[in-house]
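Read through the structure below, which is laid out as structure tokens, and then see the notes.
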Amino acid sequence: MKKNSAIFSKQVLKIVSHIPRGSTLSYKEVARRAGSPRAYRAVGNILNKNFDSRIPCHRVIHSGGEPGGYNRGRKAKRAILTKEGVVIKK
DNA sequence: CGTATGACGTGCA
DNA sequence: GTGCACGCCATAC
């Protein structure tokens with residue numbers, strides 16, 4: 001059922017775009033909302049390939065609170081989150 | 001169709 | 001606290 005996987009990626013992008021400013025979601029949570037709580041790997045992959053400015057992918061971080069990565073640069077991600085009002089542990 | 005890759009998560013040494 | 005290895009899923013080749 002590749003259609004099912006297709007919706008998953010779509011859901012991920014949709015959910016990420018639904019994240020309010022100043023809030024952050026972990027890959028695990030996003031995958032959970034997308035319908036596959038074990039697809040956090042795919043979430044990161046999809047966001048990485050999906051270069052869409054409408055999707056605040058910088059609001060998606062690891063489960064431990066680490067900023068993780070960003071297709072535009074981890075440094076930028078940290079700066080953006082800080083600007084949004086999100087405090088990173090590291 | 002099978003293999004390889006990747007912005008992860010968790011467990012263990 | 002740090003580092004390594006395994007497991008999971010979707011996508012690309």
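In what follows, every chain begins at residue 1, and chains take the letters A, B, ... in the order their sequences are listed.
One atom, OH of Y40(A), and another, C1' of dG7(C), lie 7 Å apart when rounded to the nearest Å. Look at CD on E66(A): it is 14 Å from P on dA7(B), rounded to the nearest Å. Summarising the geometry, the separation between CD on E29(A) and C1' on dC9(C) is reported as 18 Å, rounded to the nearest angstrom. Separating the CD1 atom of I15(A) from the P atom of dA10(C) is a distance of 14 Å, rounded to the nearest angstrom. The nearest whole Å value for the distance from the NZ atom in K10(A) to the P atom in dA10(C) is 17 Å. For the pair N45(A) CG and dT5(B) C1', the interatomic distance rounds to 7 Å; values are reported in whole Å. Look at CG on L13(A): it is 17 Å from P on dA7(B), rounded to the nearest Å. Residue K75(A) contributes atom NZ, which lies 19 Å from atom C1' of dA7(B) at whole-angstrom precision.
The base of dA7(B) is not paired with the side chain of Y70(A) by any donor and acceptor separated by under 3.5 Å.
Backbone-only contact: A39(A) has heavy atoms under 4.0 Å from sugar-phosphate atoms and none from a base.
Checking the phosphate oxygens (OP1, OP2) of dG9(B), a side-chain nitrogen or oxygen of S63(A) falls inside 4.0 Å. In terms of phosphate contacts, H62(A) brings no side-chain nitrogen or oxygen within less than 4.0 Å of OP1 or OP2 of dA7(B). Within the 4.0 Å cut-off from OP1 or OP2 of dG9(B), not a single side-chain nitrogen or oxygen of S26(A) is found. The side chain of K28(A) places no N or O atom within less than 4.0 Å of a non-bridging phosphate oxygen (OP1 or OP2) of dC8(C). In this structure, S9(A) reaches the dT11(C) phosphate: one of its side-chain N or O atoms is under 4.0 Å from OP1 or OP2.
Panel note: side chain K28(A), backbone R38(A); no donor-acceptor pair is recorded below 3.5 Å. Here the side chain of R59(A) pairs a donor or acceptor atom with the backbone of I19(A) at under 3.5 angstrom. Not one N or O on the side chain of K14(A) forms a donor-acceptor pair closer than 3.5 Å with the backbone of A34(A).
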Show your working on side-chain contact (heavy atoms from CB on, under 4.5 Å) between V30(A) and V16(A) and close with a plain yes or no. CA-CA 7 Å; V30(A) 174; V16(A) 174; 4.1 Å; yes

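To the nearest 0.5 angstrom, I46(A) atom CD1 is 5.0 Å from S9(A) atom OG.
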